[in-house]
Amino acid sequence: MIRKLLLYTLISGLFVPSVFSRDGMWIPSLLKKYNIEEMQRMGFRLTAEDVYDINNASMKDAVVQFGGGCTGELISGEGLLITNHHCGYGQIQRHSSIEHDYLTDGFWAKSRAEELACPGLTVSFLERMEDVTATVLQGTDTISNPVRKSDRIRLNSGALEREAANGGKFRAMVRPLFYGNQYFLHVYKIYTDVRLVGAPPSSIGKFGGDTDNWVWPRHTGDFSLFRIYAGKDNEPASYSKENVPFKPKKFLTISLKGVETGDFTMVFGYPGRTTQYLTSEGVNLIMNQRDPDRIGVRDIKLEIMDRYMKKDPVVRIQYAAKYAGVSNAWKKWQGEILGLKKNNAVAKKQQFEAAFKNWAELNNLWENKYREVLSGLQTAQTSYAPFARASDYYAEIVNGGVEIFSLAKTIQDNLKGLQNQKEVTSEWRSALLRQVGRFYRESYQPLDEELFDRLLPVLNSKVDPSFLPEQFKTMMAKNTSATALSAFYQKSMLADSVRLLALIRTAKADKLNKISKDPMMILNSELRKKYEEEIQPKVVAMEAGIEAGMKLWMEGIMQLEKGKALYPDANSTLRVSYGKVEGFMPTDGVLYKPYTTLDGVMQKFNPAIEDYAVPPGLKDLYDKKDYGRYGEKGKLPVCFVASNHTSGGNSGSPVVNFNGELIGVNFDRCWEGTMSDVMYDPEICRNIILDIRYALFVIDKYAGAGYLLEEMKLAN
Ligand code: ARG
Ligand code: GLU
């Protein structure tokens, strides 16, 4: 027994190393069961129902998933929402031109009428979430065939989703947790008229740029403001002048009191994806193959984009959001590799696996069960590796990367639609014209040509030849230099926008169909065919195999950790993370304070470096120390860090204090802890938060948009 206990603490120690479980992305509807007591011990004064309740307005009603991949929160009774600058970046860019360069100069709507519509942008409110494991698994225990089993699960889930959608009023989704050991239903209401209200200039909202991205100490005013509009009945409605500001059930009160080391913090948002429970081979694959492969391709992309963006301001605007996107993950993966190495992640996982084996042996679960589960998983990861490699290079180069391939795909898809029509309709023409026109507006051919010249040889050399189509290999053998590849590109009809657009406008069906004979069209379709027919299905099957293994492995971990609350990996559903304001020791002998001030902005200020430019208005306010009610002891707070377990998708998430008042907006993680998606270490993993006082200072003092504060509620 004693041995068992000892072993138990040893294994658990690998999972929950601190007195307070500062790690974890918890399920809001289960706080009452698992977390609220601990949260209150740490200083939280609200109840579980204040955070999540389906019968009364609760904090969850003030939090939205913003677009596909960020979070936002309501800060007024009139639909005003705050999120990150980098979350609104694509929208800000789309409204920008050389004449109205909102990226560079910022944007502030002076009245509701000036707020800018953002077609395609949505925000989703979670109505409720519910454990539906029993219903989803109904009738599955008698099915042994795994394919039929998952069919049944899909069928059961589909029925639940249809019912919950209530004839289209809601969007409902069933999602597995713990690799299918549990299932939750999520029901959303989606608003589609969302307008841009305000954004600081990039020299504030993106201060530090890609240089400081993922790094502490940080000085970025990473926020932007939007407003949700609804029909007169306060229900979702597509954009219309008649729409009115949405009245939320709940919005967050803002606290100007600031934070101190040790203060309780809670982050409420939509983390995207983490993989905390992988086996050692799974971790090995990420850090020694997948991350390095993708970093390598992106080194090239970034170098090319950067060069053209520096040469031409139009190209700079065109590629600003694309560059930021490519660079963001590229940098994170590098931090992730460093962190996993420094943390001996693979060795730690192996240690856990050895301890798990001991536990399983003691419980007679090794020989007849988990030995096979674990070794099966490890071999599955090894055989998955070459497919993952092919899939990563295709993803980085063909399905995203070389832009002319996406144009080719657009055309190909539209031509498919044409086949069932005798006459080319004007709808068909104008739809395609719109897509193709947008492509040409948003890309710059010389840049894309260079992506083509440099990335195709990478695809050719890094991916096993059996994963490449013959036509591509022949083409590469013929065109061995960049000049030859460029010539191939230029010869394509797709590289001649005038001719292509004219064709789409007027040509007859047979002539239009001939576009698919263009060498670039053929190259694209051969590559995609190879991927879709020979790589993707295998990747899907192998991933399903790994998932099935992970389900059993997870079940084992849950048994081993019985009695202890475990949190499921992030899956883009609403989660709560709690922790406290605290600095950390990134390396031996170095101690980071948990907050920064405007002084640091000025210390970094360098007019010769774009990332460190400071707008004159901000410098004036600094010189006069004119911080109004937003300063503290003569300094203006800018950012702070805390120990909340967050991930991509948590950008824009509200950070609230012990009273549930908004003290900041989450926007990043610290470099030394970026491995937290795979292995969280409470000693060094920190999330980076914009201090709400800096955001309000920028709105009020810098931009003179203080009228926006009138609709907010400040705590007294
Ligand atoms: N690293 C943050 C996140 O993952 C911020 C990214 C945007 N900032 C940038 N400089 N690219 O989204
Ligand atoms: N910047 C990230 C995002 O867009 C949040 C930071 C993180 O990855 O933790 O979601």
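For ligands, and for the atoms within them, numbers begin at 1 and follow the listed sequence.
- Contact annotation: for Y270 versus ligand 2, there are no heavy atoms closer than 4.0 Å.
- The shortest N/O to N/O separation between G69 and ligand 2 does not fall below 3.5 Å.
- Look at E672 and R686 and you find no salt bridge, because none of the NZ, NE, NH1 or NH2 atoms lies under 4.0 Å from a carboxylate O.
- For F264, the ring pair (Phe, Tyr, Trp, His ring centres under 6.0 Å) partners two or more places apart in sequence, or in a different chain, are F44.
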Checklist entry - Can you list the steps and then say if I204 with Y694 is a side chain to side chain contact (heavy atoms under 4.5 Å, CB included)? => result CA-CA 10 Å; I204 290 177; Y694 189 47; 4.0 Å; yes
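- In terms of polar-atom proximity, defined here as any N/O pair under 3.5 Å, R669 does make such a contact with ligand 2.
- Side-chain contact between P200 and W108: present, with at least one pair of heavy atoms (C-beta onward) separated by less than 4.5 Å.
- Using a 4.0 Å cut-off between charged nitrogen and carboxylate oxygen, K348 and D681 do not count as a salt-bridge pair.
- Checking side-chain atoms of D691 against main-chain N and O of V638 turns up no donor-acceptor pair under 3.5 Å.
- Regarding atom 6 (C) of ligand 2, its nearest protein heavy-atom neighbour is D668 CA, 3.5 Å.
- For residues 333-345, the set of pairs meeting the salt bridge (charged side-chain N to carboxylate O under 4.0 Å, His left out) definition, not counting sequence neighbours, comprises K332-E336.
- The contact set between ligand 2 and N650, taken as ligand atoms under 4.0 Å from a residue heavy atom, comprises 10 (O).
- When only interatomic distances are considered, the shortest N/O to N/O separation between S651 and ligand 2 falls below 3.5 Å.
- Within 4.0 Å of ligand 1, the residues that place a heavy atom are H86, K206, G209, D210, N213, W214, A324, N328, S651, F667, D668, listed by chain and number.
- For ligand 2 and F667, the ligand atoms under 4.0 Å from any heavy atom of the residue are 1 (N), 2 (C), 5 (C), 6 (C).
- G649 N, 2.4 Å is the protein heavy atom nearest to atom 10 (O) of ligand 2.
- Contacts of H86 with ligand 2, taken as heavy-atom pairs under 4.0 Å, involve the side chain alone.
- For N344, there are no side chain to side chain donor-acceptor pair (under 3.5 Å) partners, not counting sequence neighbours.
- The N/O atoms of G648, backbone and side chain alike, include one that comes under 3.5 Å of an N/O atom in ligand 2.
- Under 4.0 Å from ligand 2, the heavy atoms of S647 that appear belong solely to its backbone.
- Checked against the 6.0 Å centroid criterion, the rings of Y612 and F207 qualify as a close aromatic pair.
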Item to check | side-chain hydrogen bond (donor to acceptor under 3.5 Å, both in side chains) between Y188 and Q65, intermediate numbers included | outcome: CA-CA 10 Å; Y188 300 96; Q65 183 164 42; 5.3 Å; no
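- A donor-acceptor contact under 3.5 angstrom links the side chains of D569 and Y179, judged on distance only.
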